[in-house]
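Heads up: the structure comes next, in structure tokens.
We count ligands from 1, going down the list as the structure has it; atoms in each ligand are counted the same way. Residues: numbered from 1 along the sequence shown. Note: hydrogens, waters and symmetry copies are ignored here, and every other heavy atom, side chains too, is used.
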Amino acid sequence: MKAISGTNLEQAKSHNRRVVIEAVRTHGPLSRAAIARMTALTAQTVSNIVEELERSHLLVPAEAQKLARGQPIIPYSINPAGAYSIGLELGRQRASGVLTDLSGTVCARVERQVEEPDPQRAMPALQAIVEDLQQAFIFDTNRLLGVGIALPGRYADGGTTSLSPHSLPGWQDFPVGHSLEQRVRVPVLVENDATAAAIGERLHGVARGLSSFVYLFLAGGGGIGAGMFLDGHLYKGSRNNAGEIGHVIVEPHGRPCSCGKRGCLDRYISPSVAYEFMGIANAGALSPDDLDALIAEGREGLDAWLDQAVEPLRQTVDFLDFAFDPQTIVLGGSIPTSLMRRLAERLEPLHDPLDPGRKRTVPRVMIGMTGKDTAILGAAALPIFSETNPRFDVLQKPLG
Ligand SMILES: [Zn+2]
């Protein structure tokens with residue numbers, strides 16, 4: 001159970017600062033007066049915060065608009081070079097990292113081969129990537145907010161406890177965030193890939209400005225998860241496992257799943273099942289671009305996979321829509337773009353919503369980011385989100 005805890009002055013100040021950044025990020029450029037109107041903060045508070053944000057290079061003033069009378073108006077916008085972030089992703093054979101600026105633009109990219117990515121081999125590689133990224137692009141390293149890591153599967157207490165066969169062996173209960181933080185000496189945030197991608201979509205993508213959406217993440221190597229924003233809050237569940245819907249049974253007595261059950265959603269709509277249908281045995285060893293090319297040429301077995309995947313996907317969309325009443329459901333993930341496109345083309349007609357006559361300002365289903373960068377850009381969004389989002393764990397603390 002969560003409840004709003006008491007806010008001390010320091011927290012309120014930090015909260016107001018985030019509210020101002022969020023207003024300018026979503027609606028900018030904005031003048032101080034416009035920020036005050038939008039945030040219901042006093043003119044003096046806004047003035048103080050804007051001054052502080054300008055000093056710390058997060059906001060930049062645009063050219064003043066001269067008025068016939070009175071003071072000229074100065075609109076402020078987010079300074080992309082005001083802060084930087086690093087996103088990391090660990091695959092089965094390689095570790096990759098990107099450095100992005102505050103707008104999510106990739107400034108540098110580094111990859112390293114990691115044979116057997118157990119913690120003993122992977123942690124030095126991840127550390128080296130963080131160090132290389134700071135050399136690969138010239139920027140003020142004092143502006144590095146931190147490092148985000150996206151890990152596949154379930155995540156709890158700093159380690160991974162995934163059920164997926166494609167998750168990484170040897171990582172169970174390993175405190176990845178804490179361990180990397182000691183090596184790189186900047187804040188490290190760890191999330192599962194679906195939640196990280198949802199945060200990326202909320203910050204820079206199709207869900208920008210939306211307060212309630214569910215992001216259905218299809219992992220390129222296999223695995224399905226949902227990241228959820230409900231009423232502006234990231235919803236993670238009582239044990240950080242909300243959205244692990246890949247193992248919901250959609251076909252009683254259906255195909256056996258790695259989790260020991262039969263008929264799980266994962267075994268129908270996961271990209272790894274598409275590769276089985278298409279007879280691509282070595283999908284794990286192929287680059288995402290190669291996989292994209294194979295799918296784009298319309299390989300045999302693709303239609304059969306689509307035929308059996310589309311109804312479980314419709315049911316999932318329907319269930320999420322009825323259960324959470326989100327503004328939209330975003331489909332995305334590290335799934336090859338051509339595979340997601342083919343699946344999305346087949347999705348309509350969806351099952352009827354609760355209120356078919358309702359006027360929608362946002363489509364019921366949207367296609368978000370796909371392809372190999374989805375999780376890593378989500379990872380890079382974690383430190384930015386944690387630093388700038390007004391509702392991220394600031395005023396809400398779990399009671400226990
Ligand atoms: Zn399962």
inquiry  = Within a 6.0 Å radius of atom CZ on Arg360, are there more than 12 heavy atoms belonging to other residues, nucleotides or ligands?
reply    = yes

Taken by chain and residue number, the protein N/O/S atoms under 2.8 Å from the Zn ion (ligand 1) read His247 ND1, Cys257 SG, Cys259 SG, Cys264 SG

Problem set entry | Distance-only side-chain donor-acceptor flag, Glu131 / Gln135, under 3.5 Å | no

- Query: Side chains of Ser211 and Asp231: is there a donor and an acceptor less than 3.5 Å apart?
  - Reply: no

Validate the cation-pi geometry between Arg202 and Phe229: distance from NZ or CZ to the six-membered ring centre under 6.0 Å, angle to the ring axis within 45°.
yes

Residues pairing under side-chain hydrogen bond (donor to acceptor under 3.5 Å, both in side chains) where one sits in residues 24-34, two or more places apart or in two chains, turn out to be Glu22-Arg25, Arg32-Ser47, Arg32-Tyr76

One should read off an interatomic distance between Thr328 OG1 and Leu320 CG, to the nearest 0.5 angstrom, of 11.5 Å

